[in-house]
Amino acid sequence: MRDQDWRERAMAEAQARQRGGNADEVSVTAEHGVRLEVDGEIATITLDRPEKRNAQTFATWSALARIGESLPEQVRVVVVKGEGPSFSAGIDLRMFTPEGVPGQGSFSSAAKSDDATFEQRISQAQAGFLWLRRPEIVSIAAVQGHAIGAGFQLALSCDLRIVADDVSFCMKEPALGLVPDLTGTKPLVELVGLAKAIDICLTARTVHADEAMRIGLAEKVVARGDLDQAVRDKVAQLLAVNRDAAIATKRLLQGAQGRSLEEQCAAEGLEQAARIKALFG
Ligand code: ACO
């Protein structure tokens with residue numbers, strides 16, 4: 001895609017957002033390959049190109065970003081799942097061809113962009129993944145079958161991963177000459193440690209369910225047929241907790257690694273003071 005095309009597309013998307021497009025608008029567009037259902041406090045995002053193993057394009061990431069921007073305020077839990085046999089086979093391989101993905105360009109066209117345009121495009125793509133960490137929600141990836149490259153990174157963007165016993169995670173980017181750039185490197189290191197993350201990424205090997213559970217990539221492994229129920233059970237547990245306390249606690253937990261013990265104690269005190277005032281003041 002030419003730089004001009006990228007800019008026009010970004011402007012059109014920004015204008016659509018200003019018009020106040022709601023999440024349902026993006027949920028039904030086949031082009032995006034993404035479906036959104038909101039049921040009270042629960043939003044379910046489904047990657048919906050099973051015939052292509054839920055391969056992701058820039059349109060997928062724009063759709064995810066727009067869902068994040070327009071998520072109804074009452075939503076407390078976001079479930080991210082994939083239709084069909086695979087959670088997601090990663091980036092659409094047409095990006096590696098000279099023709100690329102119709103209307104979205106290719107890596108060959110991206111290589112000709114200036115640095116600013118390129119950076120802008122990458123941060124637009126990352127926006128589709130970043131919002132899943134917001135303290136106001138808990139995000140759960142329900143992962144079956146393949147979670148490759150961008151698919152693995154989407155699962156890593158979620159707070160929790162409940163997986164089927166046929167899951168196979170693979171960070172394939174280095175094997176294709178790329179780096180994982182869809183926000184997945186930080187959570188991977190935080191979950192499994194630097195050495196294991198280097199091993200997983202730099203060999204592009206497959207991590208199956210038993211290892212995923214052992215190294216902390218997955219919270220729970222269930223039989224494939226039990227995945228939906230396992231997610232429903234987790235959602236029910238999460239919704240049973242006081243909402244404001246959950247938000248404040250997630251904020252504390254997310255900040256813990258970047259703070260000293262003393263700073264974390266102070267942060268706990270501040271959050272607790274706010275809770276006690278809200279509950280008993
Ligand atoms: N992009 C575009 N199309 C894809 C992708 C993809 N990433 N993955 C699968 N498909 C398509 C196949 O071309 C095939 O289409 P067709 O029916 O029109 O021929 C269809 O999905 C089914 O794929 P199969 O390979 O037949 O399915 P199978 O279940 O045997 O294998 C698997 C699934 C292992 C995921 C395999 O398709 C595969 O290796 N895909 C490529 C994975 C990949 O390298 N992704 C890029 C990672 S890097 C990144 O994400 C940045």
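Because the structure is a prediction, the values reported are computed rather than measured. Along the sequence shown, residues are numbered consecutively beginning with 1. Only heavy atoms go into these numbers, but all of them, side chains included; no hydrogens, no water, no symmetry mates. In listed order, ligands and their atoms are each counted from 1.
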Side-chain donor/acceptor pairs under 3.5 Å, residues 270-279, sequence neighbours excluded:
from	atom 1	to	atom 2	distance (Å)
Glu271	OE1	Arg251	NH2	3.0
Glu271	OE2	Arg251	NE	2.8
Glu271	OE2	Arg251	NH2	3.4

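With rounding to the nearest 0.5 angstrom, the CG atom of Asn242 is 9.0 Å from the CD1 atom of Ile247.
The residues lining ligand 1, counting any heavy atom closer than 4.0 Å, are Glu51, Lys52, Arg53, Ala55, Ala89, Gly90, Ile91, Asp92, Leu93, His146, Ile148, Gly149, Ala150, Lys172, Glu173, Leu176.
Arg161 and Ala155 make their closest contact through NH1-O, 2.8 Å (heavy atoms, listed as atom of the first residue, atom of the second, distance). What you find for Ala175 and Ala204 is that their closest heavy atoms are CB-CB, 3.8 Å.
Between Glu83 and Arg35, at least one side-chain nitrogen of the basic residue sits less than 4.0 Å from a carboxylate oxygen of the acidic one, meeting the salt-bridge criterion.
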Evaluate side chain to side chain contact (heavy atoms under 4.5 Å, CB included) for Lys172 paired with Phe152, printing each intermediate quantity in order. CA-CA 9 Å; Lys172 194 150 175 204; Phe152 190 2; over 6 Å; no

